[in-house]
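See below for the structure under consideration.
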Amino acid sequence: MIYPKKPLAQSIIQICLAKGIKDIVISPGSRNAPLTIGFANNPDFYCYSIADERCAAFFALGIAQQIKRPVVVVCTSGSALLNYYPAIAEAFYSQIPLIVISADRPQNKIDIGDGQTIRQENVFANHSLYNANLTEDASKENDCKINEAIDTAFYQKGPVHINAPFEEPLYETSSELSVDVMIHHLESLNPVSALEDITSFVTDWNQSTNKLVLVGTNDPGLISKAAIETLASDESVVVMTETTSNLYHPNFVSNIDTIITPFTDADFEDFCPEILVTFGGMIVSKRIKAFLRKYKPKQHWHIDALRAYDTFGVLTKHFEVNPNTFFEAFLPFTNAVKSDYFAKMERVKALRKEKQKAYLQKVPYSDFLVFDSIIKGLPKNSQLQISNSSAIRYAQLMKTDASIEVFCNRGTSGIDGSTSTAIGAAVGSKKQTVFITGDISFLYDSNALWNDYIPNNFKIILVNNGGGGIFRILPGHEENTVFNTYFETSHQLTAEHLAKMYGFEYITAADKESLGNGLNQLYSQNDNPAILEIFTPTTENDVVLKQFFRELV
């Protein structure tokens with residue numbers, strides 16, 4: 001076995017190994033050579049080389065999203081480390097375990113004008129759960145910090161930063177270990193705890209006739225079938241699920257914006273819940289957030305083992321347990337309450353379904369029609385990754401097959417690393433993965449394709465409407481040079497040459513007929529990863545979407 005000669009590098013690597021860390025994403029550099037040598041020469045690690053640090057961190061995020069274990073990202077010193085920040089912030093808000101290990105200059109080389117040096121210690125302090133600032137030599141104190149960093153990432157589900165200074169020479173190796181590391185497990189970081197007395201909450205639940213359960217970003221299979229059926233069969237309960245909730249039942253509302261956008265003030269007043277129960281991550285729908293902030297429920301309970309956000313300004317209780325643990329303890333004590341709350345929503349849902357069906361029969365070729373076709377044509381039992389901005393919002397309007405797992409970087413809702421995350425997720429899950437993205441997001445993260453690990457069955461569906469179409473939907477749209485240049489970012493770029501450069505099969509569509517053919521061609525082969533680029537009319541999409549909402553009444 002080849003080991004780095006640096007004792008500190010040996011310590012980091014051996015502790016990672018002892019704690020079951022397997023996946024290491026390395027961005028090539030010099031200062032991190034001791035770490036690279038140690039990880040890459042050890043067959044117990046799966047190592048990936050991703051040159052662009054921003055892409056590397058999101059690629060690691062995608063793997064961690066799927067395997068539910070910490071993934072390590074390793075970089076050299078200087079500005080390389082700062083490129084990890086967007087993914088660090090996403091991991092922080094999405095509760096995804098990520099371990100950043102940065103190589104650094106020794107402290108006496110910082111702020112003296114030496115090359116490739118910045119102040120790396122605590123650089124992610126606002127968005128990391130733990131910062132381990134190590135000293136150059138192996139020591140028990142360093143071992144303690146490394147142990148705590150890894151355990152924090154695992155138990156607290158988020159990013160941590162280990163900063164490791166190395167002095168030259170950096171490339172020396174050894175055939176034997178020179179360290180005897182200390183391994184300990186900080187069980188106190190484990191958030192698992194017993195559920196408190198819920199008697200009073202059961203009483204409130206059983207006395208309420210209007211209860212809304214709102215589910216944000218959620219891992220597949222988290223909630224038991226028994227809990228789902230109990231919630232679905234209570235006529236005093238309405239369950240609203242986002243596309244990213246991965247929670248399905250015929251009685252649940254899965255297209256929130258389609259349901260509530262046409263509501264009048266009187267409708268909102270009538271639908272306002274007495275008790276709001278939320279679990280899962282960030283909510284996409286601006287309309288449901290605006291509704292619950294204006295028409296506040298009497299109580300808002302959030303269920304999460306780690307944290308609770310007061311999204312609607314009325315949080316009254318945080319149950320610090322896993323949602324399934326809560327429901328298994330809570331629901332057996334609840335009674336089905338006589339109410340017309342669910343029945344009224346069912347009538348609205350049936351009406352909206354018929355209106356949407358009628359609209360789709362006459363809708364012109366546009367983003368709306370394209371997304372409807374894409375969602376309906378997704379392979380069963382596949383994984384769907386969606387970029388932010390327009391893509392996730394259109395997907396929210398369509399019904400997704402219950403066999404499909406859906407993911408989106410909703411922690412910070414940024415467009416910056418969606419493609420890299422999707423590729424990492426495809427590697428981590430080993431499932432057929434389809435990634436739906438808009439043109440701006442795709443172009444912004446185009447270095448994601450500079451990656452030797454993309455599975456042959458990875459599919460990208462790129463909806464190119466010539467700019468940031470989301471800004472045409474939002475208030476403030478005016479057809480002028482300022483809007484087109486600085487908001488919409490109008491362009492004439494395509495993915496054709498990127499596809500050729502990176503070995504993707506490239507398919508195009510620009511109307512209804514070619515769209516159907518393109519989707520068939522996209523899924524017909526798995527010899528190479530593929531991009532289907534769908535061109536839609538820039539100036540018509542917002543008109544079509546707004547008309548859709550008008551015709552839902």
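No experiment lies behind these values; they were computed from the predicted model shown. In what follows, residues are counted from 1 in the order of the sequence shown.
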Is there a side-chain contact between [X] and [Y], using heavy atoms and a 4.5 Å cut-off?
X	Y	value
Asp445	Cys55	yes
Pro529	Asn456	yes
Leu186	His184	yes
Glu505	Ile507	yes
Phe458	Ile423	yes
Lys19	Asn147	yes
Arg393	Asn388	no
Thr278	Phe312	yes

For the residue pair [X] and [Y], confirm or rule out a side-chain donor-acceptor distance under 3.5 Å.
X	Y	value
Glu90	Gln65	no
Ser403	Asp401	yes
Glu121	Asn163	no
Tyr506	Glu533	yes
Asp439	His491	yes
Ser49	Asp452	no
Asn409	Thr421	yes
Arg410	Thr217	no
Asn122	Asn133	yes
Thr400	Tyr248	no
Asn447	Asp52	yes

Is the closest basic N to carboxylate O distance between [X] and [Y] below 4.0 Å?
X	Y	answer
Glu168	Lys6	no
Glu496	Lys500	no
Asp104	Lys109	no
Arg307	Glu320	no

Query raised in the report: When Gln383 is tested against each of Lys431, Gln66, Lys430 for side-chain hydrogen bond (donor to acceptor under 3.5 Å, both in side chains), which residue passes?
Result: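 Among Lys431, Gln66, Lys430, the one that satisfies the side-chain hydrogen bond (donor to acceptor under 3.5 Å, both in side chains) with Gln383 is Gln66.
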Mind checking whether [X] and [Y] have parallel, tilted or perpendicular rings, split at 30° and 60°?
X	Y	result
Phe326	Trp301	perpendicular
His127	Phe92	perpendicular
Phe201	Phe319	perpendicular

Closest non-hydrogen atom pair between [X] and [Y], with its separation:
X	Y	answer
Ala425	Gln385	CB-NE2, 3.2 Å
Val181	Ser11	CG1-CA, 3.6 Å
Ile454	Leu449	CD1-O, 4.0 Å
Ala153	Ile99	CB-CG1, 3.9 Å
Phe435	Ser387	CE1-N, 3.7 Å

Query raised in the report: Checking Tyr84 side chain against Ser102 main chain: does a donor-acceptor pair fall under 3.5 Å?
Result: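 Flag not set: sc Tyr84 to bb Ser102 has no pair under 3.5 Å.
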Query raised in the report: Any donor and acceptor pair, going by atom type alone, linking the side chain of Ser79 with main-chain N or O of Leu82 inside 3.5 Å?
Result: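 No, the answer is negative, given that no donor and acceptor are paired below the 3.5 Å cut-off.
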Requested in this report: Please test Thr117 against Arg105 for side chain to side chain donor-acceptor pair (under 3.5 Å), starting from the C-alpha separation and ending with a verdict.
Outcome: CA-CA 7 Å; Thr117 59; Arg105 256 61 169 179; over 6 Å; no
**Report entry** Residues that Glu136 engages under salt bridge (Lys or Arg N to Asp or Glu O under 4.0 Å), provided they are two or more places apart
**Finding:**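 For Glu136, no residue satisfies salt bridge (Lys or Arg N to Asp or Glu O under 4.0 Å) once neighbours in sequence are set aside.
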Report task. Take Val100 and Val160, measure what side chain to side chain contact (heavy atoms under 4.5 Å, CB included) needs, and give me the verdict at the end. Result -> CA-CA 6 Å; Val100 172; Val160 298; over 6 Å; no
**Report entry** Qualifying residues under side chain to side chain contact (heavy atoms under 4.5 Å, CB included), relative to Ile13, sequence neighbours excluded
**Finding:**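 With sequence neighbours excluded, Ile13 shows a side chain to side chain contact (heavy atoms under 4.5 Å, CB included) to Pro4, Phe39, Phe45, given in chain and number order.
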**Report entry** Test side chain to side chain contact (heavy atoms under 4.5 Å, CB included) applied to Asp310 - qualifying residues, sequence neighbours left out
**Finding:**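 Side chain to side chain contact (heavy atoms under 4.5 Å, CB included) list for Asp310, sorted by chain: Leu315.
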Query - Lys459 vs Thr433, side chain to side chain contact (heavy atoms under 4.5 Å, CB included): CA-CA, chis, key distance, verdict - result: CA-CA 6 Å; Lys459 316 292 185 184; Thr433 299; over 6 Å; no
Query raised in the report: Relative to Phe124, does Arg119 satisfy both conditions: NZ or CZ under 6.0 angstrom from the six-membered ring centre, and within 45 degrees of the ring's axis?
Result: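 That pair does not qualify as a cation-pi contact.
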